[in-house]
Amino acid sequence: MGTIPQSKIDEILHRADIVQIVEEQTQLKKAGRNYLGLCPFHQEKTPSFNVNPEKGFFKCFGCGKGGDVIRFVMDIHGYTFPEALRFLADRYGIELEYEQGAPGATRGLREKMVEINQAAMDFFRGLLRQAEEGQAARDYIAKRSIDPHFADAFGLGFAPDRWDSLLRHLKRKDLDLDLAARVGLIKQKDGGGAYDAFRNRLMFPIRDVNGRCVGFSGRDLSGDEKVGKYINSPESEIFRKHKLFHGEDLAGSAIRTKGRVILCEGNVDVVKLHQYGFAEAMASLGTAFTETHASRLSRKADLIVMIFDGDAAGKKAMRRALDLFLAIDVHPRCVVLPDGDDPDTFLMREGAEALEAHLEAAPTLIEFAVDEAFNAAGDDPEQIAKAVGEVAPILGKIADPVLQDLWIQRVAERAHVNEEALRRRIAQNRRPRQTQQGPSKVAVPGTGEASSAEAGIVRVLIHHPRMASRVMEEFDHGLEEYWVSRELADVARRLCEKALSAQNDRDYYIASVTAELDNPELQSKLAQWSLADDGIGDREAGAALADYLQRMQRDGLARRLSILENDLKSVMKAGDKARALAMMHEVQQLRRRIDQTLGPDKSVS
């Protein structure tokens, strides 16, 4: 089965009646252009749940949930994205179609990139199953005791030890080789021509939550220490390591059933966890565990258990994860395996029951970090003081004041120190906030801090779609380089594309954009902007947009100028006069460009 084309998703969004779907869960009453009711996601006495049938959005101003009708079905029923699409398609008599790699010149860039990855995955899988040269990969799979059923479920394949095997296959399929290079499957030679990027490797397809192949992780089979053991696809429009998990497409059902998500680090580890019955397991891609990963895990299940290798690198990864979870006020549990073990070797030796016992008894990340620090200290006062120094920054990051107070009491008792002394030590680790002038910011979940100008542009596009051609023209002239939030820039571009291609006056195209996002918090923010009046009339929209664009360009140039001036100081200090003169000339040019954006009566000093 292929992927559901965007045209079908748009049709579902266009035909599905969000009021009808929501009213099956809670009563709604007409309130102006919106409908209002009690939120079906949390207990409340005063209605704060809004639905806008024109734009196809819901938003609860109590608990914060929001999005389109697909997101509502996913959240209320615990469905995956494809499951929600099938639910709505069946409800409204829409026959779903699946893409199998059709040419489709009008299909979007991301769809074409996924198609190329899918073609490569099928090619690699075929070589693993049938080709004589794939025997080395099959031997490796057997050596690691990977069941063929799970090797097939995870889509494992083999990239042969040849320079152009995949390249030839993609040419035969008449696929875009420039896009193949963009997703990292082939590499371009300086003098012309191309060659395969993955050679003599066991291939692990990396699929998104909807089961689409967006990249690869290749395990070297040569044993040559000069080449990397694993290489991953490069970052692209469809492969974002900071938000992807290996095995996520297979883990959803088990996560919902068990109410638990397990995170490990290795490709083989996640396959073996599934093989031993832990189908709720996923893996991060190498060491690239980010706050986005942490946030996404927190939305999947209340209970998060992370499994770390027992070596120093595993404990370092545990501490890094702890800081990321504390930043979003989430408290997962952890299993740190014996030194030298990973989930694969532990399961092979001890079995599933032993690992389940560890999972059920898993301490929180905070608890493990505190125990590690004080177990190493023993009774030595200096070592205890050192342990307190290691633990104090962790305690200072606990957001819940009650939980923080309880931990301070516990650590003070364990260290045999006065609580006030510990609180002073924690306070020493808190850096005073530095105030600095700069462009105003707006919090956009999942995208980092975006400038208010960026948020303003998106809101103009939502409420005044006729401005799309103007914004798209600016994108064609390099607007994207000035955005702080790349994800919000992507949303703005897609809003323009949808608005310009909309064939009717119903602005469901906004919901169509949110349906493409794998970020419920950002979907909720867009729903909020869509439901709330932006306070700009149709006549003033052009002037407001011009102001936002000017501010964005000015702020972007100012950021670039600040960086350049700092670099210039370093170059002058190093005594490189020639380079300093060139940089001074560039500084002057930037200042002139900024002056032009400020107008004739203002300048940058």
(request) Apply salt bridge (charged side-chain N to carboxylate O under 4.0 Å, His left out) to R86 and D90, showing your working. (result) CA-CA 6 Å; R86 286 192 288 272; D90 291 343; over 6 Å; no
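- Across all non-hydrogen atoms, the minimal contact from F368 to C334 is CB-SG, 3.6 Å.
- In this structure, CG on L355 lies 12.0 Å from NZ on K272, to the nearest 0.5 angstrom.
- Put simply, the side chain of L545 does not reach to within 4.5 Å of the side chain of H464, judged on heavy atoms.
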(message) With side chain to side chain contact (heavy atoms under 4.5 Å, CB included) as the criterion, how do L88 and I21 come out once you've worked through the C-alpha distance, each side chain's angles and the decisive distance to 0.1 Å?
(response) CA-CA 9 Å; L88 291 168; I21 294 297; 4.1 Å; yes
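- Summarising the local packing, CD of E24 is surrounded by more than 12 heavy atoms from other residues, nucleotides or ligands at distances under 6.0 Å.
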(request) Carefully, step by step, assess M552 and E454 under the rule side chain to side chain contact (heavy atoms under 4.5 Å, CB included). (result) CA-CA 7 Å; M552 176 180 286; E454 293 169 26; 3.1 Å; yes
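- With rounding to the nearest 0.5 angstrom, the CZ atom of R493 is 12.0 Å from the CG atom of L495.
- Side-chain contact between C496 and L461: present, with at least one pair of heavy atoms (C-beta onward) separated by less than 4.5 Å.
- Here D269 pairs with C264, D342, P343, D344 under the side chain to side chain contact (heavy atoms under 4.5 Å, CB included) rule; sequence neighbours left out.
- Within 6.0 Å of NZ on K30 lie more than 12 heavy atoms contributed by other residues, nucleotides or ligands.
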(request) Decide yes or no on side chain to side chain contact (heavy atoms under 4.5 Å, CB included) for T26 and V22, but give the supporting numbers first. (result) CA-CA 6 Å; T26 186; V22 171; 3.9 Å; yes
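- One finds the CG atom of L244 at 12.5 Å from the CZ atom of R207 (value rounded to the nearest 0.5 Å).
- Taking NE2 from H331 and CG from L303, the interatomic distance works out to 14.0 Å, rounded to the nearest 0.5 Å.
- Closest approach of A362 to R333, counting heavy atoms only: O-NH1, 2.8 Å.
- In terms of heavy-atom proximity, P234 sits nearest to G184 at CD-CA, 3.5 Å.
- Taken from CD1 in I18 to CG in D68, the straight-line distance is 7.0 Å, to the nearest 0.5 Å.
- Between F289 and F325, the ring planes are tilted. Angles from 30° to 60° get that label.
- Going from atom CG of L28 over to atom CG of N50 covers 9.5 Å, rounded to the nearest 0.5 Å.
- Counting only residues at least two apart or on different chains, the salt bridge (charged side-chain N to carboxylate O under 4.0 Å, His left out) pairs with a member in residues 355-365 are R260-E356.
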(request) Apply side chain to side chain contact (heavy atoms under 4.5 Å, CB included) to the pair F204 and L156, showing each step before the final yes or no. (result) CA-CA 5 Å; F204 293 84; L156 269 60; 3.8 Å; yes
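- Not counting sequence neighbours, K65 has no partner by the side-chain hydrogen bond (donor to acceptor under 3.5 Å, both in side chains) test.
- Here the closest heavy-atom approach between residue R125 and residue G155 is recorded as CG-O, 3.5 Å.
- Here the closest non-hydrogen pair linking V214 and I238 is CB-O, 3.3 Å.
- Between F58 and F49, the angle of the ring planes stays under 30°, which puts this pair in the parallel group of the 30/60° scheme.
- Taking 4.5 Å as the limit, some side-chain heavy atom of M282 sits within range of a side-chain heavy atom of L297.
- Atom CD of Q27 has 12 or fewer heavy atoms from other residues, nucleotides or ligands within 6.0 Å.
- When every heavy atom of L250 is checked against every heavy atom of A153, the shortest pair comes out as CD1-O, 3.7 Å.
- Here the side chains of F245 and V270 are not in contact, with every heavy-atom distance at 4.5 Å or above.
- When ring centroids are compared, Y276 and F150 stay outside the 6.0 Å threshold.
- In summary, R470 and E473 do not engage in a salt bridge, as defined by a charged side-chain N under 4.0 Å from a carboxylate O.
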